[in-house]
Amino acid sequence: MAWRSLEQLRDRPWNAVCFYDQSLADAYDELLGIPVLSSIGNLAKVEPEGRRIRDAFRKAKRRQNPDMRALWAHKTARQTAMRTGPDEFLVAKKGMQDYAKHLWEKRSNLLLVNRMRLNLTQTPVVFSDDPVLGSGFIPVSPVGDSKEQVCKAWCVWLNSTFGIIAFLNIRQKNLTYPNFSLDGLRSLPVPDPAQCDIAALAATYEEYAEKVLRPLPEINADPVRQSLDKAVLLSVPGLPDSDLSRWRQSISLEPSVNNEKDPFRLS
């Protein structure tokens, strides 16, 4: 397992340079070719980004009227399981009431992290029982019916090994503490509700919603993540399963994930 040569990388997408182990880039490329998966931006509205929330709102010490709330920060110690809830009350800034009302209409149950420290992160995607906005998270609002069920299903998918591989492939700038652009997040592949067993994935969410997931460097030894993977394989047709345990191991060994310089070098 070593960096490919420039000659080998010449005809490959730039996501290949994100990895020490190139099989993780190959895994993502394989996911993009699965017919029942589609970019989340084709199936949902992914907005507004955190800076819009910070432009229009300020944090409040107590409940306001109207009652608006957000998941403001991505605190590792707080986001340990898929189920979450708001951590701040919001109030519109002076002169921004109409814009704040417009943004509030975009709240959702499903939220994607817009930045995370890979060696500490446990859940890059969370579900809030009450639809909220985010500063460190971006709401996802599926189009069509059964929106809450779809949000729960996608929460399972994006916290599974397949979802983690996708997140790692859309990193920008600092590989160990990456930002995720709106365009990048909108490109994340997710199961098409019309072609996959969304109800089964939503049921999996209910079963594991409050189970603590281990940080990404421990993904290979995480029984909850493995249970999510099994549920995903049963619910999403055409997924490769023969390399799944190897992918989990490769993720755990990635220097940018575990903050190690070179886990593959022999002593």
Side-chain angles (χ1 to χ4, degrees), residues 24 27-46 79-84 108-114 116 118 121-129 137-171 180 184-214 216 219 222-241 243-245 247-248 251:
L24 293 173
Y28 179 69
D29 294 342
E30 191 170 354
L31 288 182
L32 295 183
I34 294 175
V36 300
L37 300 181
S38 180
S39 298
I40 196 170
N42 293 335
L43 303 170
K45 294 186 180 299
V46 182
Q79 308 305 331
T80 61
M82 291 186 289
R83 175 171 279 140
T84 191
S108 182
N109 303 96
L110 184 68
L111 300 115
L112 311 180
V113 69
N114 59 27
M116 62 178 170
L118 295 182
T121 293
Q122 292 161 259
T123 50
V125 180
V126 289
F127 181 95
S128 173
D129 291 334
F137 289 84
I138 297 176
V140 176
S141 302
V143 298
D145 301 326
S146 305
K147 293 183 180 180
E148 188 171 316
Q149 185 180 59
V150 173
C151 285
K152 291 177 179 177
W154 285 349
C155 190
V156 169
W157 164 264
L158 289 168
N159 280 295
S160 75
T161 299
F162 298 104
I164 300 304
I165 287 173
F167 266 102
L168 294 178
N169 273 271
I170 64 166
R171 286 178 287 175
F180 300 100
L185 291 173
R186 287 166 177 160
S187 74
L188 288 169
V190 294
D192 185 336
Q195 302 184 69
C196 301
D197 193 345
I198 293 298
L201 286 177
T204 299
Y205 169 83
E206 296 293 356
E207 182 176 357
Y208 293 97
E210 297 184 14
K211 301 289 186 182
V212 173
L213 285 93
R214 296 186 184 182
L216 297 187
I219 190 173
D222 188 344
V224 177
R225 195 95 54 185
Q226 291 177 23
S227 295
L228 301 186
D229 289 350
K230 290 177 182 177
V232 164
L233 287 171
L234 290 173
S235 304
V236 181
L239 289 177
D241 62 348
D243 292 325
L244 193 51
S245 79
W247 290 341
R248 284 194 295 261
I251 291 169

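Panel note: side chain Trp154, backbone Pro191; a donor-acceptor pair is recorded below 3.5 Å. In this structure a side-chain-to-backbone donor-acceptor pair under 3.5 Å is missing from Asp222 to Leu213. In terms of modelled atom types and a separation under 3.5 Å, the side chain of Asn114 and the main chain of Phe180 share no donor-acceptor contact. Side chain of Thr123 to backbone of Gln79: a donor-acceptor contact under 3.5 angstrom is found. Proximity of a side-chain donor or acceptor of Asn109 to a complementary backbone N or O of Lys152 within less than 3.5 Å is not detected. A distance-only check finds a donor-acceptor pair linking the side chain of Ser108 to the backbone of Val140 [under 3.5 Å].
The line from CZ of Arg186 to OG of Ser39 is 11.5 Å long, rounded to the nearest 0.5 Å. In this structure, Thr204 OG1 and Glu206 CD are separated by 10.0 Å, a value rounded to the nearest 0.5 Å. The distance from the CG atom of Leu244 to the CG atom of Leu239 is 9.0 Å, given to the nearest 0.5 Å. Distance check: Met82 CE to Leu228 CG gives 5.0 Å after rounding to the nearest 0.5 Å.
Looking at every heavy atom in both residues, Ser235 comes nearest to Pro237 through O-CD, 3.6 Å. Across all their heavy atoms, Val212 and Val224 have their closest contact at O-CG2, 3.7 Å. Cys196 approaches Val236 most closely through the heavy-atom pair SG-CG1, 4.0 Å. Between Ile198 and Pro193, the shortest heavy-atom distance links the atoms CG1-CA, 3.4 Å. When every heavy atom of Phe137 is checked against every heavy atom of Pro124, the shortest pair comes out as CE2-O, 4.3 Å. Considering every non-hydrogen atom in both Ala231 and Leu201, the closest pair reads O-CD2, 3.9 Å.
Trp157 pairs with exactly one of Phe162, Tyr205, Phe167 by the ring pair (Phe, Tyr, Trp, His ring centres under 6.0 Å) rule, that one being Phe162. None of Val125, Val126, Val113 except one satisfies the side chain to side chain contact (heavy atoms under 4.5 Å, CB included) rule with Leu158; the exception is Val125.
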*Derivation of the side-chain contact (heavy atoms from CB on, under 4.5 Å) call for Ile164 and Ile251*: CA-CA 9 Å; Ile164 300 304; Ile251 291 169; 4.1 Å; yes
*Tell me, with the steps shown, if Leu31 and Asn169 meet side-chain contact (heavy atoms from CB on, under 4.5 Å).*
CA-CA 11 Å; Leu31 288 182; Asn169 273 271; over 6 Å; no
*Could you walk me through whether Lys211 and Arg225 pass the side-chain contact (heavy atoms from CB on, under 4.5 Å) check?*
CA-CA 10 Å; Lys211 301 289 186 182; Arg225 195 95 54 185; over 6 Å; no
*Going through the checks in order, is the side-chain contact (heavy atoms from CB on, under 4.5 Å) test met by Asn42 and Asp192?*
CA-CA 10 Å; Asn42 293 335; Asp192 185 336; over 6 Å; no
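Side-chain contact between Leu185 and Ile138 is present, with heavy atoms from C-beta onward closer than 4.5 Å. The shortest distance between side-chain heavy atoms of Gln226 and Ser245 does not fall below 4.5 Å. The side-chain heavy atoms of Leu188 and Ile170, taken from C-beta on, include a pair separated by under 4.5 Å.
Partners of Ser128 under the side-chain contact (heavy atoms from CB on, under 4.5 Å) rule, at least two apart in sequence or in another chain, are Thr84, Pro86, Leu111, Asp130, Val132. Asp229 meets the side-chain hydrogen bond (donor to acceptor under 3.5 Å, both in side chains) test with Thr161, Arg248; sequence neighbours excluded. Partners of Tyr208 according to the ring pair (Phe, Tyr, Trp, His ring centres under 6.0 Å) rule, which considers only residues two or more places apart in sequence or in another chain, do not exist here.
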